[in-house]
Amino acid sequence: MVYEPPSIYGIIGNPLTHSLSPLMHNAAFKALDVNAVYKLFPLEDAEELKLFMEDLKEENNPIFGLNVTVPYKEAVMPYVDTVDPFAKLVGAVNTLAITNERKIIGLNTDGPGFLSHLQELKFDPEGKRIAILGAGGTTRAILTVLCMIHPRPESIKIFNRTPDKAVRLVEELGTRMDASLIEVVGNTEDLNIEIADLLINTTSVGLKGETSLLIDPQSIHPDMLVYDVIYNPAQTSLLKAAKAQGATAANGLGMLYYQGVLAFTHWAGMDIDPKYKKIMRRALEEGLDKQLHG
Ligand code: ATR
């Protein structure tokens with residue numbers, strides 16, 4: 001038998017030490033018996049990104065698909081040959097598919113991944129009041145899909161530590177879509193969490209096990225979903241507070257899973273059987289469990 005080198009897939013970002021993506025994608029490659037391997041490509045800075053992206057265009061480069069994570073989701077866009085219209089709306093790319101002709105296609109699966117997880121949680125955003133903490137890249141992807149879905153949520157209120165950043169983000173989105181349902185608020189009381197249906201945390205507060213909260217936990221009520229995009233720790237102080245108040249609590253592992261499945265689907269050029277998706281999810285959950293409990 002002639003040895004065929006595997007096709008390469010992977011993730012670019014910095015840092016990547018705790019990434020669970022290799023576990024998820026390699027589990028799928030193995031189960032599907034695809035001759036491919038998913039690797040980590042930590043890139044130090046913009047210069048390394050430039051060299052890596054230029055190299056990607058070379059005829060013999062074996063890389064056919066990449067995920068893109070912090071801090072390169074926007075920085076990668078100038079190197080992409082075709083940015084998919086949805087990723088253009090978001091203004092960021094988290095998935096690259098590379099054709100046999102070495103053309104680079106940029107996609108965004110973060111927003112749809114978030115919506116798929118909401119669907120799994122049986123939360124329909126139609127007519128709902130939504131409060132968001134944070135105005136970074138994740139909020140950008142989430143806001144884009146929440147403004148695109150039809151019928152729309154009733155309202156979206158955003159609080160960010162740096163208010164100007166939230167204002168700029170909403171203004172920028174407004175140049176591409178109807179963002180009139182979004183309001184930037186100057187303090188967390190004005191998020192009106194006590195009457196919200198969904199609270200989303202996209203800030204990094206909680207990532208290091210912080211016990212202080214950005215909001216008053218008493219404002220959380222039983223008829224709401226509290227969604228923290230952080231999944232390590234699996235239960236941030238915000239999610240603990242949500243449970244204590246009787247609310248439904250969810251972490252972002254489902255979003256990571258769904259964005260990964262969608263990226264895989266783009267690379268495969270087709271949907272994959274649910275049994276392979278289950279294998280991907282189990283690999284993610286087991287990987288996280290190992291990180292959490294050693
Ligand atoms: P991501 O791509 O995951 O959204 P990001 O773009 O770096 O990451 O955004 C991080 C978010 O966490 C920002 O909204 C940031 O607020 P600033 O815009 O004011 O920087 C928020 N954040 C980080 N540390 C925070 C803290 N200690 N308190 C409040 N917000 C914080």
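First listed ligand is number 1; within each ligand, the first listed atom is number 1. Below, each value reflects all heavy atoms present in this structure, side chains not excepted, and no hydrogens, waters or symmetry copies.
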To check your reading of the model: name the closest protein heavy atom to [atom], its residue, and the distance in Å.
atom: atom 23 (C) of ligand 1; value: Ser204 OG, 3.0 Å
atom: atom 12 (O) of ligand 1; value: Thr203 CA, 3.2 Å
atom: atom 30 (N) of ligand 1; value: Arg161 CB, 3.8 Å
atom: atom 9 (O) of ligand 1; value: Gly136 CA, 3.5 Å
atom: atom 2 (O) of ligand 1; value: Gly137 N, 3.5 Å
atom: atom 17 (P) of ligand 1; value: Thr162 OG1, 3.5 Å

| Cut-off 3.5 Å, side chains only: do Thr211 and Ser237 have a donor facing an acceptor? | no

| query | Short list, please: which atoms of ligand 1 are under 4.0 Å from a heavy atom of Gly134? | reply | 14 (O)

| task | Mark up the atoms of ligand 1 that fall under 4.0 Å of a heavy atom belonging to Val205, in ascending order. | result | 25 (C), 26 (C), 27 (N), 28 (N), 29 (C)

With a 4.0 Å cut-off, would you call [X] and [Y] a salt bridge?
X: Arg168; Y: Glu172; result: no
X: Arg140; Y: Asp110; result: no
X: Asp271; Y: Lys277; result: yes

| query | Who's closest to atom 18 (O) of ligand 1 heavy-atom-wise, of Asn160, Thr69, Ile142, Asp164? | reply | Asn160

| query | Name the one of Phe29, Tyr38, Tyr276, Tyr9 that satisfies side chain to side chain contact (heavy atoms under 4.5 Å, CB included) with Phe264? | reply | Phe29

| Hey, is ligand 1 close enough to Val70 that some N/O pair sits below 3.5 Å? | no

| request: Please determine if Ala135 has a nitrogen or oxygen closer than 3.5 Å to a nitrogen or oxygen of ligand 1. | output: yes

Can you check whether [X] reaches [Y] side chain to side chain, under 4.5 Å on heavy atoms?
X: Leu199; Y: Leu133; answer: yes
X: Thr188; Y: Ile193; answer: no
X: Ile272; Y: Met280; answer: yes

| query | With a 4.0 Å cut-off, strictly under, does atom 7 (O) of ligand 1 pick up any protein heavy atom? | reply | no

| message | Does the protein place a non-hydrogen atom closer than 4.0 angstrom to atom 26 (C) of ligand 1? | response | yes

| request: Would you name the heavy atoms of Ile104 and Val80 that are closest together and state the gap between them? | output: O-CG1, 3.4 Å

| Part of Thr138 with heavy atoms under 4.0 Å of ligand 1, whether side chain, backbone, both or neither | both

